[in-house]
Amino acid sequence: MPVARPEQQQPRVIAHVDMDCFYVQVEQRRNPALRGQPTAVVQYNDWKGGGLIAVSYEARGFGVKRSMRGDEAKRVCPGINLVQVPVARDKADLNLYRSAGSEVVAILASKGKCERASIDEVYLDLTDAAKEMLLQAPPDSPEEIFMEAAKSNILGLPSDASEKEKNVRAWLCRSDADYQDKLLACGAIIVAQLRVRVLEETQFTCSAGIAHNKMLAKLVSGMHKPAQQTVVPSSSVQDFLASLPVKKMKQLGGKLGSSLQDDLGVETIGDLLSFTKEKLQEQYGVNTGTWLWKIARGISGEEVEDRLLPKSHGCGKTFPGPKALKNSTSVKGWLDQLCDELSERIQSDLNQNKRIAQTLTLHARASKENERDLAKKFPSKSCPLRYGTGKIQEDAMKLFESGLQDFLESQNTGWIITSLSVTASKIFDIPSGTSSILRYIKGHSPAASPAIPDSSSVPEDPSLGDVP
DNA sequence: TTGGCTCACACT
DNA sequence: CAGTGTGAG
C-alpha cells in the first residue's frame, strides 16, 4: 500500500523519462527496415501468435493494443511486423533490452540524481542543474533558450501546434515573478537536451514529464507521445488533478482505486478533496489515508533515489495449461535452465558492477490434480545465495522440494506446476578500495554459512574464476 | 492461459 | 527475518 512521505519544503525539479515503445525501438535499431512501419514485439509465437509486449505507434494507429495476441494484431493490422523476443535456454531472454536500457540510463544520469525505475523509465532530480542554469543563463534572455523550451508542452496552456512556441514564450514572460516556474523551464530545457543526446547516441526516442515531484512528472510523461515532453506548472496542478480519473494515478490502478470508486464514490482525484484527512485515514489507515489526502493536493515528497541498477534479478517462466510440469524431473530440468540464466546474470553483475547478491528465492505456482484445492498457494522459499551455477541449481531444487512438502501437507495427491521463478536479491556493493574481492566473499558471503542443511558437501565450483 | 516476465515495495 | 500481497509496465 502507498505510504505518505514527509513533504519537501523546497521546490524540486523532477523529470520522468519514458522510452517510447522501447522493445520495438530496440528491434528497429537492430533492423532498420522496421523503422516507420507498424511493428510489435511478441514472445512465444506458438500459441495464438504470441503475446504482444510492445507496439509501435504506427501499429497503434490500426488499433493494435498491448494486450493482444499476435493473431489478433494481424487481424486488425495485416501489414504488421511481428518480431519475436530472443529465446535462450528455451525461455524469453530480455538481456538485449536490459542492456539497451543501460545505455539510456548512462546518458540520463549525467545531469543529476538518476533513478532507474524500470527497464525503460527513469526519474531525474534536476533541481541543482536547473538552479545552476538559472544563475548562469536566465531563460528570459537568449533566443536559443526559448527555442529549446518551445519543444515542451505546457500543461494548462493551449497546445495548438502552431501556437506552441508563442505559448511557451508567453508562459515564461508571464512568470517573471515566479521562481518555481523558471526552475521548471530550466528543467525542461535540460531534459530536452538530454533527450537529444539519447537520440543521437542510441537512436532511441523518449518522452518526458517535468514537474515539482515524481507523481506529477510520471503522470504527464506519457501525455504527449511519442518523442515529446510535458511540463506541469504549479498553477495548473489543481485543474489537472480535478478531472483525472483515479485509475490513472500510479498506485490506484488496482484494488485501492476500485475501492475508492465503489466504497467512496470517488471517480476523479478531485473528488478526493471532499474527504477530510481523518475520514480517509479511518477508511484506509493512517499511511494510505494521508497519502491519498496529499496526492489530491498534488503533494508528494517521494525522493528520487540515486540508483542506476536493479535491486534484484529474477528469471521465471510460466507453464500454462497442457504445458504444466507434472513431475520432479521436468521441474528440475526447467529449474536448471532458470538458474543457469540467473547465475550468468548475477555473475556479470559481480564482474561489471562489483555487486554481490545474498539471497536466493524460489517462487512457484501449483495446483493439485483433480482436487478442488485451488486456493492453496505454493509457498515461496529462500536461502543464502551461493555463487556458481551448480550450487544455485542445487539450492533452488532444495527450495522447491521444501516448498512442495509444505504445499502438499503430507497428503500424497498429484500436483502440477504452472510457473517457476528464481530471484537473486539483497544485492550489495562490494566495498571498493581493497582489491581483495575474494577475501570479502569468504568473510561475508553466505558460502561461509550455508543455510541449506547441507548433507551432501559439494565439490568446489570454480565459477568465480573471472573475478580478479 | 488470470497475456509473460520482470521489477519494487509495504505489511506482518 | 522470511514470506505474502499489491501494483506497474
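Letters A, B, ... mirror the listed sequences (proteins, then strands); counts begin at 1. Because only heavy atoms are used, hydrogens play no part in the values below, and waters and symmetry mates are left out as well, while side chains stay in. What you see is a predicted model, and the numbers here were worked out from it, not measured in a lab.
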Return the set of residues passing side-chain contact (heavy atoms from CB on, under 4.5 Å) with A:I119 (not counting sequence neighbours), or none when no residue passes. A:Y23, A:Y97, A:R98

Is any NZ, NE, NH1 or NH2 atom of the basic residue among A:E72 and A:K65 found under 4.0 Å from an Asp or Glu carboxylate oxygen of the other? no

Is the shortest side-chain N/O distance from A:Y44 to OP1 or OP2 of B:dC5 below 4.0 Å? yes

Whole angstrom value for the distance that separates C1' of B:dC9 from CD of A:Q251: 8 Å

Between C:dG7 atom P and A:K250 atom NZ, what is the distance in whole Å? 13 Å

Enumerate the residues from residues 303-335 of chain A whose closest heavy atom to DNA chain B is under 4.0 Å, giving them by residue number; use none for an empty result. A:R307, A:P310, A:K311, A:S312, A:H313, A:G314, A:C315, A:G316, A:K317, A:T318, A:P320, A:G321, A:P322

Residues of residues 253-267 of chain A with a heavy atom under 4.0 Å from any atom of DNA chain C, listed by number, are A:G253, A:G254, A:K255, A:L256

B:dT1 and C:dA8: how far apart are their P atoms, nearest whole angstrom? 26 Å

Is A:E394 paired with A:R386 through a side-chain N to carboxylate O contact shorter than 4.0 Å? yes

If you assign each of A:S67 and A:P2 to its closest nucleotide in DNA chain B, which residue comes earlier from the 5' end? A:S67

State which of B:dC5, C:dA8, B:dC7 makes the closest approach to the side chain of A:K218. C:dA8

Distance only, no hydrogens: is a donor on one side chain within 3.5 Å (strictly under) of an acceptor on the other, for A:D262 and A:S259? no

Does A:K48 reach a base, just sugar-phosphate, or nothing at all? Heavy atoms under 4.0 Å. nothing

Rounded off to whole Å, could you give me the CG-to-C1' distance for the A:L360 and C:dA2 pair? 13 Å

Rounded to whole angstrom units, what separation is found between the CG atom of A:L219 and the P atom of C:dA8? 12 Å

The criterion is side-chain contact (heavy atoms from CB on, under 4.5 Å); which residues satisfy it with A:R355, sequence neighbours excluded? A:L309, A:P310, A:H313, A:D349, A:N353, A:I427, A:D429

Within residues 71-88 of chain A, those residues having any heavy atom closer than 4.0 Å to DNA chain B are none

If we take the P atom in both C:dG9 and B:dT2, what is their distance in whole Å? 22 Å

Give one of base, sugar-phosphate or nothing for A:K426, where a contact means two heavy atoms less than 4.0 Å apart. sugar-phosphate

In whole angstrom, give the distance that lies between atom NZ of A:K376 and atom P of C:dT4. 9 Å

May I ask you to say what A:R365 touches in the nucleic acid, namely base, sugar-phosphate or nothing, with a heavy-atom cut-off under 4.0 Å? base

Under 4.0 Å between a Lys/Arg side-chain N and an Asp/Glu carboxylate O for A:R29 and A:E103? yes

Please confirm whether A:F378 and A:F400 have ring centers closer than 6.0 angstrom. yes

Would you say A:S56's side chain and A:Q37's backbone share a donor-acceptor pair under 3.5 angstrom? yes

Distance in angstrom units between A:L52 CG and B:dT1 C1', rounded: 16 Å

Side-chain polar contacts of residues 241-258 of chain A - donor-acceptor pairs under 3.5 angstrom, sequence neighbours left out - could you list them?
unit_1 : atom_1 : unit_2 : atom_2 : d
A:K247 : NZ     : A:G254 : O      : 3.0
A:K247 : NZ     : A:S258 : OG     : 2.6
A:S258 : OG     : A:G254 : O      : 3.2

More than 12 foreign heavy atoms under 6.0 Å from NZ of A:K91: is that the case here? yes

Identify whether any heavy atom of A:S380 sits under 4.0 Å from a base atom; if not, whether one sits that close to sugar-phosphate; answer base, sugar-phosphate or nothing. sugar-phosphate

Take atom CH2 of A:W291 and atom P of C:dG7, then tell me their distance rounded to the nearest Å. 10 Å

Just checking A:K247: base, sugar-phosphate only, or nothing, at a heavy-atom cut-off of under 4.0 Å? nothing

Report yes or no: is the cationic atom of A:K368 (NZ for Lys, CZ for Arg) closer than 6.0 Å to the six-membered ring centre of A:W415, at no more than 45° off its axis? no

Should A:K376 and A:E409 count as an ion pair when the cut-off is N to O under 4.0 Å? yes

Quick one: is C:dG3 close enough that its OP1 or OP2 comes under 4.0 Å of any side-chain N or O from A:S382? yes

So, does A:R98 get its side chain near the phosphate of B:dC7, meaning an N or O under 4.0 Å from OP1 or OP2? yes

A:M215 CE - C:dA8 P separation (whole Å): 14 Å

Would you please indicate yes or no on a ring centroid separation below 6.0 angstrom for A:W334 and A:F319? yes

